[in-house]
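Working notes, beginning with the structure itself.
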Amino acid sequence: MPAPRHRKGQRGKEAASGVKTERTWREKNAEGIITVEGLQWGAAALAFALYTNAIAFCGFCYDDLSAIVDNPDVLDRQGDGEMSSFAEVWKNDFWGTSIAHRLSHKSYRPVVVLSFRSDAVLSSGEPWMFHLTNAVLYAVCAWLFVHVMLRPWHSGATATEPAVLAMLWFTTHPIHTEAVTSLVGRAEVMAAICGMLATKLCFSSNRVGTGVVVLLLGCLCKETALMFPAIMLGVDLSTAVLAPAETRTPPSSPSRLLRSAAMVTLIVGYLALRVWLTGGTQTVATSFQDNFMQHLGPMDKLRTAIYIQATYIWLLLCPRSLSCDYSFAVIRPVRAWAAPEMAFAAVIISGVLAWARYGILTLRRSGVVTPLLALGWTLGPLVPASHIVPIGTVLAERLLFIPSIGMAILVAHIAACAASRSRLHGGVVRIVVVACTCWFALSTVRRNPDWADIDTLHTRDFETHPDSIKLLLAAADRNKDRDFGYAFECASRAQALVDAEPPGPGSRAPPFNAGLTMMASLKTKTDGWSEANATEAVQLATRVVNEIGYNNSGGNAGWSSIHKVLGIAYLKLATPTGDKPLLEKAETAFSTAILYDVNAEDPESHCRLGMVLGMLGRPAHGHASFATCFQMDEAAGKASQASDLQNYAVLMLDLAGLAAQDVAAAKRWGSQAAAAVQTVIDMLPRDAPVAHKEEWAKTLAALFALRDTAQVPDPA
């Protein structure tokens, strides 16, 4: 090998110093390029800056509506000061339901709920405060990532280039948008903060007791934080068994035994706490559109779970298309080992196995544990999402927040190895990471406004995943009042996608009827109304009732809603002729809908039942149903619908007519009718359709006629 060429005088300097040029370059490469403190605050500033547009433009969206807006543990929905007490927060799940209840989601995150409650108090429930807190927490997370997880790439008080590259990769990664811009993702960020802080306390500061407390706090932020002590146990075990003898800490050392005992105690203690809180009840089975995995046979479920885990890893590497939903048929059941999805999974799994082998060899040869640590932080938090136990979703991007920490550690390790190999290798890695960082940052800033509101999010993600049955149903619901044909097409397509999926061995037929329910509901809408539509709605709703039945779980929103749709269809058919058998069927359907509306969230069924009872000649009973409807509206802090008030006014006219011989009763009923009509007139916009105005003119004429015969006060 020819001797390297040197500048004039360089050889003499080398001879005097006894150091080769290549070694001098490597030493220079190992030097820091920025202070650690500067990198930490730079990471925090960058993290916060990337989400400032979320603070400015985003409101409550998607799961935020259930976890915050409709959660009595967070907001006073009724405006009457009736909120859950501080003690009740510790007994309820993430969504405000008692965690011991059999319909509870079993997600226990009281620390996050209390943080939401604090935001609500400070901002009177305005969403900007919630988003500001999320952005600040993300900045804290980025600061800790540099301070704790990138410590191997600190050179004294300065940070090396690999630390800078890893910081940029982690901070700008767009997969974080669902964890930061979506407010419910705060659980992931807070759990990650606790996990990194506990890592420092248990390993660097040797403050195991404080670290255990922080880990318990993390578990009360998100259940996946339970994997942190498992990761720590794995790191301890790996270094005790695989590290070279000269760097190995004896397995029986007091610090290692104390740390291991603390981690095992925490895991067992937290699991015991959950069993005690839930009373031993199991997770409620989710619907097919939320998570079809629960409806697969064992082998189909195993193959699909492997494919989902591979998809998680791929999203960390290439977050090209982001979405709030990965339900059927974005991801389909994998029915065979020779399916293309399994080939994709095999490639990803091969990469993970190579990563594990490299980590083991590196630990054995040099005692460096960072490759295995990165693997643990990447795969460990995904274990709860592997569908070993039932969960509420097929795949969610927010679940990748903590695994992205492990992937960023790997980026730092690759950058350090490449830089120590040669300038060329280091330069290539630098260019790739910087290019990815620019792409990531742009994607993050562009993705944030998609979470402005539920309509914007669904519209945007429907473009990305047009075969999602959840997004198809959302599109149908979003367009039901403005484009009947398109809405019906979306609902039909959602149902057709599921109907076309054959059940595999050991699988149950997909219990999905939401498409049929939406189709039946659309057929009862005024814009699409005809006798043929109402008849078809009855047929569709009856099919759903016959197929699904009632699951005896103590309440079923789907069972309630389909009976309401069935009742509306019967009422539509009966209205022109007053057909009594059809009205009686409508009464039965509405009564069933009310019976199984366990959360008392559907005033419309009470209103419709009041109409039916009035048409059946039982207006007094109808009056009671309308009264319940208006009470539910008032309790929910909503103004009653104009159509409800209109139907109520008509019923009051009927009561006044029945009481024509009793002037006092006629006045009472007529006055209530007049008040209802006057309220509707006040609600009627100036540009209301002519048909609406004519309808109200008829109602007022009836009132005036009643006034003339029974001396009812002038409604004007």
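Below, each value reflects all heavy atoms present in this structure, side chains not excepted, and no hydrogens, waters or symmetry copies. We number each residue from 1, following the sequence as shown.
Shown here for Leu50 and Thr171, the closest heavy-atom pair between the two residues is CD1-O, 3.5 Å. Residues Leu471 and Cys324 approach most closely at CD2-SG, 4.4 Å, considering heavy atoms. Nearest heavy atom pair, residue Val235 against residue Val369, reads CG1-CG2, 4.2 Å. Considering every non-hydrogen atom in both Met232 and Ala198, the closest pair reads CE-C, 3.8 Å.
Interatomic distance, CG of Leu410 versus CG of Leu316, reported as 10.5 Å (0.5 Å rounding). Distance CE/Met129 to OG/Ser124: 11.0 Å, rounded to 0.5 Å. We find the OG1-CD distance between Thr177 and Glu397 to be 6.0 Å, quoted to the nearest 0.5 Å. With rounding to the nearest 0.5 angstrom, the OG1 atom of Thr224 is 11.0 Å from the CZ atom of Phe401. With values rounded to the nearest 0.5 angstrom, Leu168 atom CG is found 4.5 Å from Thr437 atom OG1. Rounded to the nearest 0.5 angstrom, Cys202 SG and Leu197 CG are separated by 9.5 Å.
By the 4.0 Å N-to-carboxylate-O rule, Asp119 lies close enough to Arg186 to be salt-bridged with it. Arg447 and Asp461 are joined by a salt bridge, as a carboxylate oxygen and a charged side-chain nitrogen come within less than 4.0 angstrom of each other. Between Arg109 and Glu223, at least one side-chain N (NZ, or NE/NH1/NH2) sits under 4.0 Å from a carboxylate O, which counts as a salt bridge.
With 3.5 Å as the limit, one finds no donor-acceptor pair spanning the side chains of Asp325 and Ser323. Residues Thr464 and Arg460 bring a donor and an acceptor atom of their side chains to less than 3.5 Å of each other. If you check the side chains of Thr393 and Asn291, you find no donor sitting under 3.5 Å from an acceptor.
Each of Ile349, Leu400, Thr378 was scored for a side-chain contact (heavy atoms from CB on, under 4.5 Å) with Ile313, with one residue passing: Thr378. For the ring-ring contact (aromatic ring centres under 6.0 Å, His included) with His176, the qualifying choice from Trp169, Phe170, Phe440, Tyr51 is Phe170, the only one to do so.
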Could you go through residues 140-151 and list every donor-acceptor pair under 3.5 Å that involves a side-chain atom there, pairing it with any protein atom two or more places apart or in another chain?
from, atom 1, to, atom 2, distance (Å)
His147, ND1, Gln40, OE1, 2.9

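Looking only at side-chain heavy atoms (C-beta outward), Pro244 and Arg365 stay at 4.5 Å or farther from each other. Side-chain contact between Phe94 and Phe116 is present, with heavy atoms from C-beta onward closer than 4.5 Å. Looking only at side-chain heavy atoms (C-beta outward), Trp439 and Pro319 come within less than 4.5 Å of each other. Residues Val111 and Leu217 have side chains in contact (heavy-atom distance under 4.5 Å, counting atoms from C-beta outward).
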Please assess Asp93 against Tyr108 for the test side-chain contact (heavy atoms from CB on, under 4.5 Å), listing each intermediate value before the final yes or no.
CA-CA 5 Å; Asp93 65 14; Tyr108 186 62; 5.8 Å; no
Can Trp153 and Val164 be said to form a side-chain contact (heavy atoms from CB on, under 4.5 Å), step by step?
CA-CA 9 Å; Trp153 297 279; Val164 176; over 6 Å; no
Checking Thr304 against Glu341 for the side-chain contact (heavy atoms from CB on, under 4.5 Å) test, could you report, in this order, the C-alpha distance in whole Å, the side-chain angles of both residues, the deciding distance, and whether it holds?
CA-CA 8 Å; Thr304 309; Glu341 293 89 347; over 6 Å; no
Could you go through the side chain to side chain donor-acceptor pair (under 3.5 Å) check for Ser123 and Trp128 one step at a time?
CA-CA 8 Å; Ser123 66; Trp128 67 266; 5.3 Å; no
Using the side chain to side chain donor-acceptor pair (under 3.5 Å) rule, take Asp63 and Ser66 through it: C-alpha gap first, then chi angles, then the decisive distance, then the call.
CA-CA 5 Å; Asp63 289 340; Ser66 300; 5.6 Å; no
Where do Ile175 and Arg398 land on the side-chain contact (heavy atoms from CB on, under 4.5 Å) test, with the steps shown first?
CA-CA 7 Å; Ile175 207 71; Arg398 64 181 177 273; over 6 Å; no
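Here His413 and Tyr358 bring their ring centres to under 6.0 angstrom of each other. For an aromatic pair to be called close, the ring centres must be under 6.0 Å apart, and Phe228 with Trp377 satisfies this.
Note on ring orientation: taking the six-membered ring where Trp is involved, the planes of His465 and Tyr326 are perpendicular (angle over 60°, cut-offs 30° and 60°).
Looking at His131, its side chain does come within 3.5 Å of a backbone N or O of Gly59 through a donor-acceptor pair. Judged by distance alone, the side chain of Thr444 and the main-chain N or O of Thr172 form a donor-acceptor pair under 3.5 Å.
More than 12 heavy atoms of other residues, nucleotides or ligands lie within 6.0 Å of CH2 in Trp355, so this atom counts as buried by the packing criterion. Sparse packing is recorded around NZ of Lys91, with 12 or fewer heavy atoms of other residues, nucleotides or ligands lying under 6.0 Å away. The number of heavy atoms from other shown groups lying within 6.0 Å of CH2 (Trp90) is above 12. The number of heavy atoms from other shown groups lying within 6.0 Å of CD (Glu37) does not exceed 12.
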